[in-house]
Amino acid sequence: MAVQISPSILTADFSRLADELARIKDADWAHIDVMDNHFVPNLTFGRAAVEAMARVSPIPLDCHLMIDEPDRWAPGFAEAGAGSVTFHAEAAQAPVRLARELRAQGVRAGLALRPATPVEPYLDLLPEFDMILVMTVEPGFGGQKFLDVCLPKVRRTRAAVRASGLDVWVQVDGGVSEATIERCADAGADVFVAGSAVYGADDAAAKIADLRALATAACQH
Ligand code: DX5
Ligand code: ZN
């Protein structure tokens with residue numbers, strides 16, 4: 001299981017996004033939080049902004065869609081140049097159809113779960129997805145406190161992935177920092193989103209390296 005770090009640009013300086021993306025060039029992905037002010041009480045980027053970021057980003061974009069009607073909007077983010085498109089289980093009408101559409105577009109398809117959404121109803125759908133995103137805060141804002149109550153779900157997701165024999169990544173997002181990343185890795189996460197931890201650091205590259213080292217060590221037991 002290879003550890004991957006996906007810094008969220010939600011707390012980056014939006015007036016200079018190209019520079020902010022360059023700051024995280026040592027990471028595996030740039031996590032782009034798309035919010036529509038309906039699914040979550042916050043509004044961020046649309047397709048045109050993602051298209052512009054895809055043109056300048058040194059690393060692939062990991063788009064996390066916190067939007068209603070992903071069935072209608074998600075394929076547009078694949079067209080915009082994302083490498084991975086994750087939509088929420090609570091918002092999708094036809095998650096299997098949408099995941100297949102995204103994969104047919106050549107991107108990775110992810111399924112995200114809010115803290116109160118159990119993973120069990122979706123376990124039979126694992127072969128349809130490349131990643132399961134277990135939210136470790138209520139989605140909507142950066143800089144929130146990590147929710148330990150979500151860790152058992154990370155563990156159950158990893159156990160199900162292992163039992164399936166599939167190569168499905170397990171991502172955690174929200175409050176991931178040097179203080180919490182080891183718990184996430186120990187529970188079975190392999191893709192780590194970190195927003196304020198990375199963009200709040202003077203040296204983003206050093207912070208990414210620290211997070212990667214902590215997660216890698218914690219994955220190995
Ligand atoms: C929350 C977003 C997260 C957020 C993470 O709704 O999905 O990606 O930006 O930020 P931190 O790491 O600050 O919790
Ligand atoms: Zn996110």
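All ligand and atom numbering here is 1-based and tracks the order in the structure.
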Is the shortest distance from a Lys or Arg side-chain nitrogen in [X] or [Y] to a carboxylate oxygen in the other one below 4.0 Å?
X      : Y      : value
Arg103 : Asp130 : yes
Arg47  : Glu51  : yes
Asp186 : Arg155 : yes
Asp190 : Arg158 : yes

Would [X] count as being in polar contact with ligand 1, using the rule that some N or O on each side must be under 3.5 angstrom apart?
X      : result
Met35  : no
Gly195 : yes
Gly175 : yes

Notebook entry, point to check: Taking atom CZ of Arg16 as the centre, does the number of heavy atoms from other residues, nucleotides or ligands within less than 6.0 Å exceed 12?
Noted result: yes
Notebook entry, point to check: Counting only heavy atoms not in Asp124, do more than 12 sit closer than 6.0 Å to its CG atom?
Noted result: no
Contacting atoms of ligand 1, where contact means under 4.0 angstrom from a heavy atom of [X]:
X      : value
Gly140 : 1 (C), 6 (O)
Ala194 : 12 (O)
Asp173 : 2 (C), 3 (C), 4 (C), 5 (C), 7 (O), 8 (O)
His64  : 7 (O)
Gly174 : 14 (O)
Pro139 : 6 (O)
Ser8   : 8 (O), 9 (O)
Gly142 : 10 (O), 13 (O)

Checklist line | Check: Gln93 and Glu69 side chains under 4.5 Å, non-hydrogen atoms | finding: no
Margin query: Do Gln4 and Trp169 have side chains that approach each other closer than 4.5 Å (heavy atoms only, starting at C-beta)?
Written below: yes
Check: Taking the non-hydrogen atoms of Asp33, is any one of them nearer than 4.0 angstrom to ligand 1?
Finding: yes
Notebook entry, point to check: Does Ala197 reach ligand 1, in the sense of a heavy atom lying below 4.0 Å from it?
Noted result: no
I need the minimum non-hydrogen distance between [X] and [Y], along with the two atoms involved.
X      : Y      : answer
Val137 : Pro115 : O-CG, 3.4 Å
Pro41  : Phe141 : O-CZ, 3.3 Å
Ala78  : Leu102 : CB-CD2, 4.2 Å
Leu113 : Ala89  : CD2-CB, 3.8 Å

Margin query: For atom 13 (O) of ligand 1, what's the nearest protein heavy-atom neighbour? Residue, atom name and distance, please.
Written below: Ser196 OG, 2.5 Å
Item checked: Residue, atom name and distance, where the atom is the protein heavy atom closest to atom 1 (C) of ligand 1 -> Phe141 O, 3.5 Å
Next item on the list: Taking the six-membered ring for Trp and the full ring for Phe, Tyr or His, determine whether the centres of Phe129 and Tyr122 are under 6.0 Å apart.
Entry: no
Next item on the list: Output, by chain and residue number, all protein N/O/S atoms separated from the Zn ion (ligand 2) by less than 2.8 Å.
Entry: His31 NE2, Asp33 OD1, His64 ND1, Asp173 OD2
